[in-house]
Amino acid sequence: MPENTLSKTHIDIPDNVGFIIKTLEDKGFEAYAVGGCVRDTLIGRMPGDWDITTSALPHEIKSCFRRTVDTGIEHGTVTVMFGSESYEVTTYRIDGEYRDNRHPDSVSFTSSVREDLRRRDFTINAMAYNERTGILDLFGGCEDLKAGIIRCVGDADERFDEDALRILRAVRFAAQLDFRIEEHTANAVKRHAINLQAVSKERILTEITKLICSAHIERIFDIFELGLAPYISEHFDEINISGLKELITAKDTTEGHDRYLSAEERKAVENAFDYEKTTSCELRFARFAMLAEGMEPEHVKKMIKGLKPDNDTLHNTEFLIRLLYVPLSDDRYELKTQMTDVPPKLFYCLLRLKAVSCRTKLYKERCRNEKLENVIALYDDIMKTDEPIYLKELAVNGSDLISCGVKPGPELGEMLKRLLDLVYREPRHNDKSFLKEKALNIL
Ligand code: CTP
């Protein structure tokens, strides 16, 4: 995080959020942007959504805006609509007792923003902001954000007793933000692990998926270290994520242990990634698959499907995993022919994925003759020299060839491929008149 980010007291809020806050203030109420949006803005992340907390009661919120929806009116939440955009505005609340470790038995409203903030899960999520006050940070959220710490607001046992989902949220935020879970909070996580049984499988799945898609997927191992695995694998059983369940339970048995990378190896895996270029979700799924080293591609595919990624991600991940065990050539011409069917971004991912998988047993078996270091050096060189790899980089296109007398259709495609092949062998031949002449000679 940039050093100076947290010293600023002004943060940029979307116009609609500013409008909601101002409208409520003009009517004599207090209002703040609160929670994740303040946290994310302070560390330069794009907030998922903007929530507003206010001293106004639900019916008062409704009377201030033209279009509202009663989202969770009994819990104080009214959704304010602007066109297709919506913002949740919630009355300051104090939760009653949580007998089911998930939902408060009752909710009461309060006029104190402090009371509202102190019921929130982590200090970094318990900050509020409006232009008048600047950042309202009553529990050391800024300091923890700066130090990279996940710490419960007040008594950690109470916070996890109130809502067991927070146990997984702690691990998920640690992975997303690369933060450390503070000791008291970590100990309370361990003590309350069993309460995860009260959390619905959908919510567990959402948290796990966010963790897997985070920049620090290796934090999934916190789930074992904090003793959460037994309670989560039960849910995985129900939702049939067999691969994930296997990954989690196998870690607990000595027998399965060998299949995993050691801590050192995991570090090496992480270091091998250039995060600038590899923020794509598909790669993260593939990385996740690699943590379960030795898994058959079929098995990995099933597991990834269970995590319900969007179609593109699923497709790309499957593609990567399918290619992973196909040996690449360190011959310049051969490598270019292998690259041609893989989109550039995915080919880069493939190399990185291979780089982190090449020490696994399965990989060694299947790609015995591949000399990955040579392949990577060759790839870098091909990229540097900017040699044509894809049809679209060829100096002639379909219309050029049609004007030379090539018939549209399969013949045209075939001709383009032959010319590309020629250019693979001699990149300097990627010249329009040369290739047109070649085409005429072939015809
Ligand atoms: N919150 C909480 N306990 C929970 C869930 C939420 O205290 N179990 C509070 C936190 O203050 C949180 C805010 O409600 O910041 C909004 O919750 P949510 O939108 O679920 O999470 P965010 O913190 O915004 O993060 P993300 O959107 O990444 O889930």
Side-chain angles (χ1 to χ4, degrees), residues 11 13-14 17 31-54 71-72 75-79 86-96 98 100-104 107 110 113-129 135-142 144-145 149-179 181 185 188-189 192 195-196 198-200 202-216 219 228 281:
I11 61 178
I13 55 177
V17 175
Y32 297 87
V34 71
C37 59
V38 178
R39 173 199 70 221
D40 287 345
T41 309
L42 285 173
I43 52 174
R45 280 175 102 216
M46 177 72 96
D49 46 22
W50 287 81
D51 295 327
I52 290 134
T53 187
T54 177
T71 316
H75 293 111
T77 304
V78 171
T79 300
S86 60
Y87 301 86
E88 288 196 352
V89 182
T90 305
T91 308
Y92 296 160
R93 21 179 274 204
I94 309 173
D95 299 337
Y98 288 71
D100 63 355
N101 305 112
R102 224 8 237 122
H103 308 99
V107 164
T110 167
V113 66
R114 165 177 267 277
E115 287 302 308
D116 179 89
L117 295 177
R118 68 174 285 279
R119 73 172 173 88
R120 291 173 184 269
D121 51 5
F122 307 114
T123 57
I124 57 167
N125 289 346
M127 291 182 277
Y129 175 85
I135 292 161
L136 185 63
D137 175 20
L138 305 173
F139 304 100
C142 276
D144 285 344
L145 206 50
I149 292 173
I150 309 284
R151 182 200 314 269
C152 281
V153 176
D155 185 308
D157 286 306
E158 274 177 27
R159 296 291 83 75
F160 293 129
D161 247 345
E162 288 162 359
D163 182 358
L165 183 68
R166 288 170 171 170
I167 295 166
L168 271 187
R169 279 170 63 88
V171 179
R172 184 258 288 188
F173 284 123
Q176 284 181 324
L177 306 171
D178 194 19
F179 278 20
I181 305 177
T185 300
V189 161
H192 289 82
N195 292 347
L196 273 173
V199 180
S200 76
E202 289 78 14
R203 286 183 159 240
I204 289 186
L205 189 59
T206 306
E207 292 302 320
I208 294 287
T209 305
K210 283 185 181 176
L211 192 158
I212 290 167
C213 292
S214 75
H216 292 273
R219 297 298 287 267
L228 311 182
C281 211

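Every number for a ligand or one of its atoms is a count from 1 in the order of the listing. Remember, it's a predicted structure, so these values are computed and weren't measured experimentally. Start at 1 with the first residue, then count along the sequence.
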>> Taking 4.0 angstrom as the limit and counting only heavy atoms of Lys210, give me the atoms of ligand 1 inside it, by number and element.
In response: 29 (O)
> CD1/Ile208 to OG1/Thr206 distance, rounded to the nearest 0.5 angstrom?
Replying inline: 10.0 Å
>> Could you check whether Asn125 and Arg39, counting side-chain N and O atoms only, form a donor-acceptor pair closer than 3.5 Å?
In response: yes
> Taking 4.0 angstrom as the limit, do Asp121 and Arg159 come out as a salt bridge?
Replying inline: no
>> Among Gln176, Arg166, Arg169, which one puts a heavy atom closest to atom 3 (N) of ligand 1?
In response: Arg166
> Based purely on interatomic distance, does Asn125 place a nitrogen or oxygen under 3.5 Å from a nitrogen or oxygen of ligand 1?
Replying inline: yes
>> Students often mix this up, so state it plainly: with edges at 30° and 60°, are the rings of Phe160 and His192 parallel, tilted or perpendicular?
In response: tilted
>> Under 4.0 Å, heavy-atom basis, I'd like to know which part of Phe173 is in contact with ligand 1: side chain, backbone, both or neither.
In response: side chain
>> If you define the side chain from C-beta out and look only at heavy atoms, does anything of Ile11 sit under 4.5 Å from Leu42?
In response: yes
> Within less than 4.0 angstrom of ligand 1, does Glu162 place any heavy atom?
Replying inline: no
>> Heavy-atom pairs closer than 4.0 Å: do any link ligand 1 to the side chain of Val34, the backbone, both, or neither?
In response: neither
>> Residue-level breakdown please: for Arg159 versus ligand 1, do any non-hydrogen atoms fall below 4.0 Å on the side chain, on the backbone, on both, or on neither?
In response: neither
> Rounded to the nearest 0.5 Å, how far apart are OG1 of Thr123 and CG of Asp137?
Replying inline: 8.0 Å
>> Is there a polar contact between ligand 1 and Asp163, counting only N or O atoms under 3.5 Å apart?
In response: yes
> Of all the heavy atoms in Phe122, does at least one lie under 4.0 Å from an atom in ligand 1?
Replying inline: no
> Taking distance alone, with no angle check, do Gly35 and ligand 1 share an N/O pair under 3.5 Å?
Replying inline: no
> Got a second to check how far Asp144's CG is from Leu177's CG, nearest 0.5 Å?
Replying inline: 12.0 Å
